[in-house]
Amino acid sequence: MSPPAQPGVPGGRGSKVPPARKLLCMCSLSLCLTYLCYSLMGGAGPAALRSPAALPGTAAPAAPRSPAAPPGSAAPRSAGSPPAGTGAPAASAAPTRAANGSREAAAAGAWPRTPLAPGEAIAAQSGAFERDPQESSTTDEELSRAGSPGSRGGGGSTTPDYGEKRLPQALIIGVKKGGTRALLEAIRAHPDVRAVGTEPHFFDRNYEKGLEWYRNVMPKTLDGQITMEKTPSYFVTNEAPRRIHSMAKDTKLIVVVRNPVTRAISDYTQTLSKKPEIPTFEVLAFKNRTLGLIDASWSAIRIGIYALHLENWLQYFPLSQILFVSGERLITDPAGEMAKVQDFLGLKRIVTEKHFYFNKTKGFPCLKKPEDSSAPRCLGKSKGRTHPKIDPDVIHRLRKFYKPFNVMFYQMTGQDFKWEQEESDK
Ligand SMILES: Nc1ncnc2c1ncn2[C@@H]1O[C@H](COP(=O)(O)OS(=O)(=O)O)[C@@H](OP(=O)(O)O)[C@H]1O
């Protein structure tokens, strides 16, 4: 999982700077330059992005990092041996508010825009969820399937209700619309995993409730079983890495990533299903369509700048503690991706191709019916929606926009997700 060597980088072999740190610095620099170029090209990029110093991990003054546990919480759980290289994490950069508002009255009307510094913008997206409690990545349908927090849900076999409630050792932190529900349901088929059916949103919305609240949301587990939860908004929540690190620095993190263009369309499709009156994707995607300026302050676009968000996580967690699952391969080869997930979690490979079948009606892989249940194990209607047809020119421009960020993300993770090679988006 370690990133590829970067030939010709100052401070290369023989330098005292560790290679991971070097790569991170290089990534930060490149991201800044990319943003700078983007801003200079039209000056209409998100205001915060005009200032490279506003990027996390760059020149903005570092605030002292407070690893304090959330209010009202008990002492964090002891969490086994810490991973190598976790060390004392760097402080996150203080967000810088930049003045903007030129497009406040854009065609999108009240559609949430976030002309803020990256950290603030991301927090604002979480805030948008709070403003509209219906806007969640977990649908009502899923909630009813999943039952109360802690239930196995999904018609799967139930584990007897004994054991102890523990804080999660592994989290699916994102990305929204990446395939996080499919992954959680698949890993829950493993007898050594127990997971919350609903999204607890502890590290973004409910942090003030404290770790005891969070622990209580968890299912009971026996010794040796892994407790998990998924909340896709964590990946773009500025405070999440620090908070998770302060809970347990050896927490294993899983990110399901998907072509950011398709992800944006999927995100839009979800919102459209709840608010049919919103402007078209094509309108929302641009600051200025004639000039081809993408609106990176729109959350559907911003979430897909994976390199930017990842940089925030790498200030607290080593790359070896983060698994990147391909959302595309989770559909075409679910068993293959599940093998990687089980290896990463230190689990026996129990969830294999025998657990999946391709459901033609659904158009997706589904889990085979468990022996003790007649319930089908395909995901609900909110997963695998038909996307609206998007103007191919807009798709083309979005691909161009994401390309440098994708390349950066491949370098940072050491994995090539080959999104540039995809002929068409769903
Ligand atoms: N097996 C299976 N069944 C159904 N859907 C699947 C599956 N595997 C991956 N996917 C893709 O998951 C996408 C939804 O992602 P998430 O579960 O992360 O969405 S959410 O953020 O929790 O709302 C969803 O996106 P859309 O197709 O846009 O609806 C699916 O493409």
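Both ligands and their constituent atoms are indexed starting at 1 by order of listing. Computed from a predicted structure; not experimentally measured.
The Ser266 neighbourhood of ligand 1 comprises atoms 25 (O), 26 (P), 28 (O), with distances under 4.0 Å to a heavy atom of that residue. Counting the atoms of ligand 1 from 1 in the order shown, those under 4.0 Å from a heavy atom of Gln270 are 23 (O). Every atom of ligand 1 with a heavy atom of Lys230 under 4.0 Å away is listed here by number and element: 22 (O). Below 4.0 Å from some heavy atom of Gly179 lie the following atoms of ligand 1, by number and element: 12 (O), 15 (O), 16 (P), 17 (O), 18 (O).
Looking at Arg329, its side chain never comes within 3.5 Å of a backbone N or O of Pro334 through a donor-acceptor pair. Proximity of a side-chain donor or acceptor of Gln321 to a complementary backbone N or O of Lys249 within less than 3.5 Å is detected.
The shortest N/O to N/O separation between Pro365 and ligand 1 falls below 3.5 Å. At a 3.5 angstrom cut-off on N or O pairs, Gly327 does not count as close to ligand 1. The N/O atoms of Gly384, backbone and side chain alike, include one that comes under 3.5 Å of an N/O atom in ligand 1. Between Lys176 and ligand 1, no N or O atom pair is found at a separation short of 3.5 Å.
Using 4.0 Å as the threshold, Ile331 has a heavy atom nearer than that to some atom of ligand 1. Glu185 does not count as a contact of ligand 1, since none of its heavy atoms falls under 4.0 Å from the ligand. Residue contacts with ligand 1 do not include Thr269, since none of its heavy atoms lies under 4.0 Å from the ligand.
Trp313 has its ring centre no less than 6.0 Å from the ring centre of Tyr234. A centroid separation of 6.0 Å or more is found between the aromatic rings of Phe324 and Phe417.
Around atom 28 (O) of ligand 1, the closest heavy atom drawn from His387, Lys362, Arg181 belongs to His387.
A donor and an acceptor atom, one from each side chain of Asn259 and Glu328, are nowhere located under 3.5 Å apart. Looking at Asn359 and Tyr357, their side chains do bring a donor and an acceptor atom within 3.5 Å of each other.
Tested against Ser233, the residues Glu199, Lys176, His201, Arg205 include a single side-chain hydrogen bond (donor to acceptor under 3.5 Å, both in side chains) partner, His201.
Residues Asp391 and Arg289 are paired through a salt bridge, judged by an N-O separation under 4.0 Å between the basic side chain and the carboxylate.
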